[in-house]
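Throughout, a chain's letter reflects where its sequence line sits, starting with A, and its residues are numbered from 1.
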Protein chains: 2
Amino acid sequence: MKVTGDQALVKKINKSLVLHTIRTHSPVSRAKVSEMTGLNKATVSNLVAELCGQELVTEAGPGESSGGRKPLMLHFNRMAGTVVGLELRIRQLSAVLCDLGGHILQELEAPLDNHELPYVVEQMKKLIGTMIAAAPPSPYGIVGIGVGVPGMVDEHGVVLFAPNLGWEMVDLRAILEEAFAVPVTIDNEANAGAQGELNFGAARGVRHLLYISAGSGIGSGIIIGGELYKGARGYAGETGHMTIESGGTPCSCGSRGCWELYASERTYDQPGLPLPARTTPELVRHARSGQADALRHFDSMGTYLGIGVTNLINSFNPELIVIGGALSEAEPWLGGPLRDVVAERTLPYHKQQLEITFSKLGGKGTMIGAAFAAVMHFLGDIRVTI
Amino acid sequence: MKVTGDQALVKKINKSLVLHTIRTHSPVSRAKVSEMTGLNKATVSNLVAELCGQELVTEAGPGESSGGRKPLMLHFNRMAGTVVGLELRIRQLSAVLCDLGGHILQELEAPLDNHELPYVVEQMKKLIGTMIAAAPPSPYGIVGIGVGVPGMVDEHGVVLFAPNLGWEMVDLRAILEEAFAVPVTIDNEANAGAQGELNFGAARGVRHLLYISAGSGIGSGIIIGGELYKGARGYAGETGHMTIESGGTPCSCGSRGCWELYASERTYDQPGLPLPARTTPELVRHARSGQADALRHFDSMGTYLGIGVTNLINSFNPELIVIGGALSEAEPWLGGPLRDVVAERTLPYHKQQLEITFSKLGGKGTMIGAAFAAVMHFLGDIRVTI
DNA sequence: AAAACTTTGTTTAACCAATATACAAAGTCT
DNA sequence: AGACTTTGTATATTGGTTAAACAAAGTTTT
């Protein structure tokens, strides 16, 4: 739909601008907001009055004077409502209850025995129900539910394809919206993780971010211009099936030499491979005690991670790369070879200001990101590009 | 800079909306524009009156009645001004004079003997000067110059790095703006080609496009959401140096197994390779007459093109892939193996609606795209995203 | 051919959000 | 104590969109 301009749009733009300025800079005075946004003081006053009326912003008494009248400090009211963030993993369901500022209020997990849709949905409903029951009273109550899923999701919240769950065309959003009567956002697990790191983790304020979720497979969340990029049908970033050896091992996807065959937990499945264990936490323990096979394998995975990351750098030219997912636990052994390969292989101009870090939110990044997507859906966001 | 909303912004948004609606749908009536944009009839009338005053839109007499008063048809005034589009190639400089609708009015070429900056700039100035002299009189005259360059360009029009020219940090925009005193836009050659195909060629109206320029190297122009995507420093899309054989041939870029070593004209440089010729036009002639070596080589290049294209599909999830550049001439021999590899290797959901075509504008795509970038810079473009 | 209906485009008055300006309030500095 | 600063509010103005009425110019029905 085309967007036309009128006074209502102007108000929406400015109100959103003021709200998000307060949200990301609180405590802050009206005068400071006026200065930061470029809006007139009177305009800010009016909009703040409305936001206070909506209980999204609160006044928190006077602040420090800077040589004149003391400012009246404004806070974003994180407690105006709550959201539930969920992550659907292969063997486990995790959930958080968050306030509107992305702070975790409650945390809960449940094991998943199988991937039958009715069973999984039932478990999800139980978990969400528990969270909703545990939510503190607030003006808006539960304002949304966000879910991170290991698979492709379209723009309507339908899980198109989740190979590790054996799901196809599951309208998860409709199922959960019907059950709880609140807005539900469904996101790919890597996309949610990217949102989490962007807003609350290692990538705050970054404009062009590449988030690599390395675990049982490899997925990536791509942030372009501060926004999540989703392809034509809402499921870009399936980079795990990028060919890095054109004549390599055949993959279940139909292609050959896919990245995730060399740089994810799928490497543990190779029958002949000498390894002291076949799960990442155990291998990390072995590596910590200096076990040679574990060290060699992490070195190999780090190198192959670097090769794939180099390809993505040359295509996307990000400012920052964040490695997340289960393998981020192995940072001490993966980080070195990964950075070496990238430094050796990228073009000189890319090297200048590129940083590579590992997740700060650890296993919670996806849940927090999913919860945040629900928050943003509630608060609304609008921007003008020239 | 943050953009705030006020009435001036509203007018800009709506005027731009009306202008571009007329530009892309002319001839069209005021009533139809009102219906298409959702703007009130009165608003459209007012804005059209201003656009007519600016000579960007003209009234072209009555159209067909649809059961009532005959509409007064409006045209976008392509002849309100002209732009010069330039392509800087390795051995040649090409230029077009275009109207605001991207129609070619004049065309000119000049050979390039070497890549010394002063010499190249002098040749460019000569060519641009000739074009400006040949421009028909128009209300706004020459409104801009657009240049497509084989290298990385930053957001200020500085050529950061053009390996095939031996250029580094050339502020081409400043040089040409000083010489001609009109706005100059500098773009990467592949980005310009993508813009050309998007607006006037094989990719009209496509939202998510991947344009592959395969010639002396490989570059790609990425259109996301109908807009050109440029990375953090304005030079994404250097996909030619994507690794497709992790232990492959070393490349001049420092990496190994880069895509363009297997799927561009750089393959002709392999000493031992049995080939009847070492340029694309000659090889095409040989292939046409059934020469076995030429056929085998095109088959190999098509296959490797497909492998790289598959990687990009899995990352970007485009709706359409357009192959352009010098190698697009060899479509009859490249197209088959390329499509076969892609069909074999992409994920099932990608295959559903993905199309692969070859350039419609041929060698002129880049120039037309560069010219169009200059047109858009003149007309202005503004959009609101919710 | 007259009347009724349709479609196109303009005129008018009303609305409303941002703004500049003046002003009030509450502080600091000399 | 007086001058200056900073913060926040009140008021009148501006300017763009809009709904509604209207005028103009056509087609369709009777």
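Side-chain N or O atoms of A:Asn14 include one that pairs as donor or acceptor with a backbone N or O of B:Gly5 at under 3.5 Å. Distance alone, capped at 3.5 Å, places no donor-acceptor pair between the B:Glu55 side chain and the B:Ala80 backbone.
To the nearest 0.5 angstrom, A:Leu209 atom CG is 9.5 Å from A:Gln195 atom CD.
For CD of A:Glu355, the number of neighbouring non-hydrogen atoms (other residues, nucleotides, ligands) closer than 6.0 Å is 12 at most.
Remark: C1' of D:dT6 and CD of A:Glu64 are 14 Å apart, rounded to the nearest angstrom. Between B:Glu59 atom CD and C:dT8 atom P there is a gap of 15 Å when expressed in whole angstrom units. Between A:Asp6 atom CG and C:dA18 atom C1' the separation is 14 Å, expressed in whole Å. Distance CD (A:Glu50) to C1' (C:dA17): 10 Å, rounded to an integer number of Å. As rounded to whole Å, 11 Å separates atom P of D:dT6 from atom NZ of A:Lys32. Between the P atom of C:dA18 and the NZ atom of B:Lys11 lies a distance of 19 Å, rounded to the nearest Å. Whole-Å rounding puts the A:Asn46 CG to D:dT9 P distance at 9 Å. What separates CG of A:Leu9 from P of D:dG16 is a distance of 15 Å, to the nearest Å.
Side-chain N/O atoms of B:Arg30 include none lying less than 4.0 angstrom from OP1 or OP2 on C:dT7. Taking only side-chain nitrogens and oxygens, A:Ser45 comes nearer than 4.0 Å to OP1 or OP2 of D:dT9.
Of the candidates C:dG9, D:dG8, D:dG16, the closest approach to any side-chain atom of B:Leu72 belongs to C:dG9. Considering only the side chain of B:Thr43, D:dT18 comes nearest among C:dA18, D:dT18, D:dG16. Residue A:Gln7 places its side chain closer to D:dG15 than to any other of C:dA18, C:dG9, D:dG15.
Not counting sequence neighbours, the partners of A:Ser16 by the side-chain hydrogen bond (donor to acceptor under 3.5 Å, both in side chains) test are A:His20.
Between A:Glu59 and A:Arg30, at least one side-chain nitrogen of the basic residue sits less than 4.0 Å from a carboxylate oxygen of the acidic one, meeting the salt-bridge criterion.
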>> Test side-chain contact (heavy atoms from CB on, under 4.5 Å) on A:Val28 and A:Thr21; report intermediate values, then the result.
In response: CA-CA 9 Å; A:Val28 67; A:Thr21 302; 5.8 Å; no

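At the heavy-atom level, B:Asn14 lies under 4.0 Å from the strands shown only through sugar-phosphate atoms. No contact: A:Ser34 has no heavy atom under 4.0 Å from any strand.
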> Which parts of nucleotides 21-30 of chain C does protein reach within less than 4.0 Å, heavy atoms only, written one letter per nucleotide 5' to 3' as B for base, S for sugar-phosphate only and - for none?
Replying inline: ---BBBBS--

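Summary of the strand contacts: A:Ala8 and B:Glu35 both lie near DNA chain C, and taking for each the nucleotide with the nearest heavy atom, the more 5' one is attributed to B:Glu35.
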